[in-house]
Q: 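Please read through the structure below; I'll follow up with questions.
We count residues from 1, following the sequence as given. Atoms within each ligand, like the ligands themselves, are counted from 1 in listed order.
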Amino acid sequence: MKILVTGGAGFIGSNFIYLLLSERPAWKIICVDALTYAANIHTLNDAMKSENFTFYKEDIRNRAGIDAIFEKEHPDVVVNFAAESHVDRSIENPEIFLETNIIGTAVLMDACRKYGVERFHQVGTDEVYGDLPLDRPDLFFHEDTPIHTSSPYSTSKASADLLVQAYHRTYGLPVTISRRSNNYGPYQFPEKLIPLMIHNATNDKPLPVYGQGLNVRDWLYVKDHCYGILAVLEKGKVGEVYNLGGHNEKANIEIVKTILAELGKPESLITYVTDRKGHDLRYAIDPSKAMKELGWAPTTMFGDGIKLTINWYREHTEWMRECTSGEYMKYYEKMYHNR
Ligand code: NAD
Ligand code: TDX
């Protein structure tokens, strides 16, 4: 089996590659990543040691470059993690989200049509379903919940999903889509809530909580998500969408207080700042289809996962330093100064 993984130098893609190297050691892995600000090539240091792993620095928007990789490698399966993934950045600059998340996905699928693949899997998000009210804990996102997006990011991801379904219906491309909400774990870029809060708390810097910190997210340990994607590849039905989740809802403020407690830092570091524009209130996934049809279920409880995550960041200060030097400081200043 030869699998082409895009966005493999980012958070979830790299975790997926490490899962494959240990769980499917006979598979050949081709990683394609443009190495944007969100990537850290050192994340793949261990993977590079494997003879089953090949890395290409390429942009999924570059048709000639992508075609050349397909021409040379002829992958059996493609999993698309490559994306602009941060909601706040999409509010500042939507265009690159449209280019990478929509056009990039189309370029990849065109290459899949041209060279033939057994499966194109799109890594999606539950943000395509919009949000749920805070006072209706009985409501969840199902696979047939209408698409109803809030941010330029979620709109670009929804557009990509629709395009994937169109390529299936129009051209018969064998596709699957998985939708997941918030992941946490090793190798997540510190623009996202959990690594940002760990980084700031470790350095005794203020922890910027948007609004009142009452927005709810449905958290999944990244390794559980990666097992879910593998289950969709191996047991999923072509043309189907699978929601991956584990009923693990937490208000942001709860997460921030847990991180402070684990690190032994005072709650006085919490700073309430101006809310995100269009801030989605609550995400909550109904994962029963994936559980029933794929036999998949998450195994990491949040209490254990957050400890594993904090310890990983404690042990990888050099990795964090690489991410937070240079461009990151300018980004942080722009987004959080006087917020
Ligand atoms: P990330 O931002 O950590 O990594 C994205 C990777 O894609 C980076 O390595 C980057 O260099 C690469 N990339 C970006 N633009 C590219 C381009 N034009 N060509 C080639 N490579 C490019 O993202 P992530 O958190 O790992 O998310 C991966 C996927 O999962 C995304 O599609 C995202 O929408 C989806 N997702 C993420 C979460 C989450 O909680 N992080 C939840 C649900 C879904
Ligand atoms: O500094 C912060 N303060 C804060 O209160 C940051 C960065 C975030 N927040 C809040 C906003 C959200 O309610 O924390 C929550 C989580 O924020 P993010 O980590 O930015 O994630 P979110 O916007 O929920 O989107 C994530 O989950 C779905 C991923 O980034 C997406 O790629 C994925 O599709």
Q: Would Met197 count as a contact of ligand 2 if the rule is a heavy atom under 4.0 Å away?
A: yes

Q: Scan the side chains in residues 264-272 for donor-acceptor partners under 3.5 Å anywhere in the protein, sequence neighbours excluded, and list what turns up.
A:
| residue | atom | partner | partner atom | Å |
| --- | --- | --- | --- | --- |
| Lys265 | NZ | Asp204 | OD1 | 2.9 |
| Thr271 | OG1 | Leu269 | O | 3.3 |

Q: With heavy atoms under 4.0 Å as the rule, classify the contact between Lys157 and ligand 1 as side chain, backbone, both or neither.
A: side chain

Q: Below 3.5 Å, N or O to N or O, backbone or side chain included: is there any such pair between Ile60 and ligand 1?
A: yes

Q: Under 3.5 Å, is there a donor-acceptor pair between the Ser154 and Ser151 side chains?
A: yes

Q: Would you say Ser85 has any N or O atom under 3.5 Å from an N or O of ligand 1, going by distance alone?
A: yes

Q: Would you mind checking if Asp110 and Arg113 are paired as a salt bridge, meaning a charged N to carboxylate O distance below 4.0 Å?
A: yes

Q: Run the contact test for Glu191 against ligand 2 with a 4.0 Å cut-off on heavy atoms, strictly below, and give the result.
A: yes

Q: Are any of the N or O atoms of His225 closer than 3.5 Å to those of ligand 1?
A: no

Q: Out of Lys192, Arg217, Lys250, which residue meets the side-chain contact (heavy atoms from CB on, under 4.5 Å) rule with Asn182?
A: Arg217

Q: Using a 3.5 Å cut-off on N or O atoms only, is Ala82 in polar contact with ligand 1?
A: no

Q: Give me the nearest non-hydrogen protein atom to atom 26 (C) of ligand 2 as residue plus atom name, then the distance to 0.1 Å.
A: Asn182 ND2, 3.5 Å

Q: Mind jotting down which residue pairs meet the side-chain hydrogen bond (donor to acceptor under 3.5 Å, both in side chains) criterion with at least one end in residues 16-26? Sequence neighbours excluded, please.
A: Glu23-Tyr227, Arg24-Glu234

Q: Report yes if Asn183 has an N/O atom closer than 3.5 Å to an N/O atom of ligand 1; otherwise report no.
A: yes

Q: Taking distance alone, with no angle check, do Asp33 and ligand 1 share an N/O pair under 3.5 Å?
A: yes

Q: For ligand 2, is Arg180 a contact, meaning one of its heavy atoms is under 4.0 Å away?
A: no

Q: Tell me whether Asn182 has any N or O atom under 3.5 angstrom from an N or O of ligand 1.
A: no

Q: Judging by distance only, is a nitrogen or oxygen of Thr36 under 3.5 angstrom from one on ligand 1?
A: yes

Q: Mind checking whether Tyr153 contacts ligand 1 via backbone (N, CA, C, O), side chain (CB onward), both or neither, at a 4.0 Å heavy-atom cut-off?
A: side chain

